[in-house]
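In this text, all values refer to a predicted model and were calculated from it rather than measured experimentally. Proteins come first, then strands; the chains are lettered A, B, ... in the order of their sequence lines, and each starts at number 1.
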Amino acid sequence: EAGVTQSPTHLIKTRGQQATLRCSPISGHTSVYWYQQALGLGLQFLLWYDEGEERNRGNFPPRFSGRQFPNYSSELNVNALELEDSALYLCASSSRTGPEGPQHFGDGTRLSIL
Amino acid sequence: EDKVVQSPLSLVVHEGDTVTLNCSYEVTNFRSLLWYKQEKKAPTFLFMLTSSGIEKKSGRLSSILDKKELSSILNITATQTGDSAIYLCAVLGETSYDKVIFGPGTSLSVIP
């Protein structure tokens with residue numbers, strides 16, 4: 001069974017640019033979660049998608065947005081990038097609606113803002 | 001404000017030692033507590049503890065939930081260098097499945 005895949009592995013941008021990160025969940029999983037892991041900080045919940053709908057978002061500004069496609073893959077968009085957006089962005093999927101229960105994580109996208 | 005605290009933040013032990021990692025939480029309407037191991041990138045699931053399952057064990061790893069003390073411990077016996085990782089504690093609260101809060105993690109280094 002293929003795990004959660006994320007692309008790209010690394011992404012380098014400059015301030016003010018826009019970044020798009022992609023995630024493919026485990027086959028059969030309908031829920032996708034996005035987390036930000038900044039250096040020295042724990043995972044911060046960003047967004048939760050299920051069945052194509054945004055179910056909830058964490059305490060992040062509106063320039064963090066995303067969507068889930070009919071095949072359950074997901075995209076995270078970050079507009080007007082700032083230096084503090086530099087972090088590892090992790091995507092996770094689960095087979096149960098809602099974050100209760102184990103989530104399976106991808107290897108993440110390392111976003112660096114110069 | 002809901003929060004999850006882990007201690008210690010960093011730990012160095014020798015192979016063969018036994019370690020205990022701590023997680024304490026303050027969340028509204030606790031539902032479950034999860035432990036993850038993060039080596040290079042992707043956290044991998046270890047245990048989930050709920051009111052109906054307060055103790056889990058898998059090989060050399062075990063975890064206990066103390067709902068009265070609002071805490072959990074993760075024990076690793078006979079540690080190996082492959083146990084070196086960041087151990088993350090996450091707590092699910094609320095009744096609307098909308099909040100998963102991760103602690104800062106404990107960085108464990110096992111030296112030969």
Report task. Verify salt bridge (charged side-chain N to carboxylate O under 4.0 Å, His left out) between Arg60(B) and Asp83(B), making sure each step is shown before the conclusion. Result -> CA-CA 10 Å; Arg60(B) 297 178 294 103; Asp83(B) 295 326; 2.9 Å; yes
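With a threshold of 4.5 angstrom between heavy atoms, Gln44(A) does not approach chain B through any atom at all. Contacts between Leu90(A) and chain B at a heavy-atom distance below 4.5 Å involve the side chain alone, from C-beta outward. Using a 4.5 Å cut-off between heavy atoms, Gln6(B) makes no contact with chain A at all.
Thr79(B) contributes atom OG1, which lies 9.0 Å from atom CG of Leu11(B) (distance to the nearest 0.5 angstrom).
Across every non-hydrogen atom of Thr50(B) and Leu65(B), the tightest pair is O-CD2, 3.8 Å.
Checked against the 6.0 Å centroid threshold, Phe105(A) and Tyr35(A) count as a close aromatic pair.
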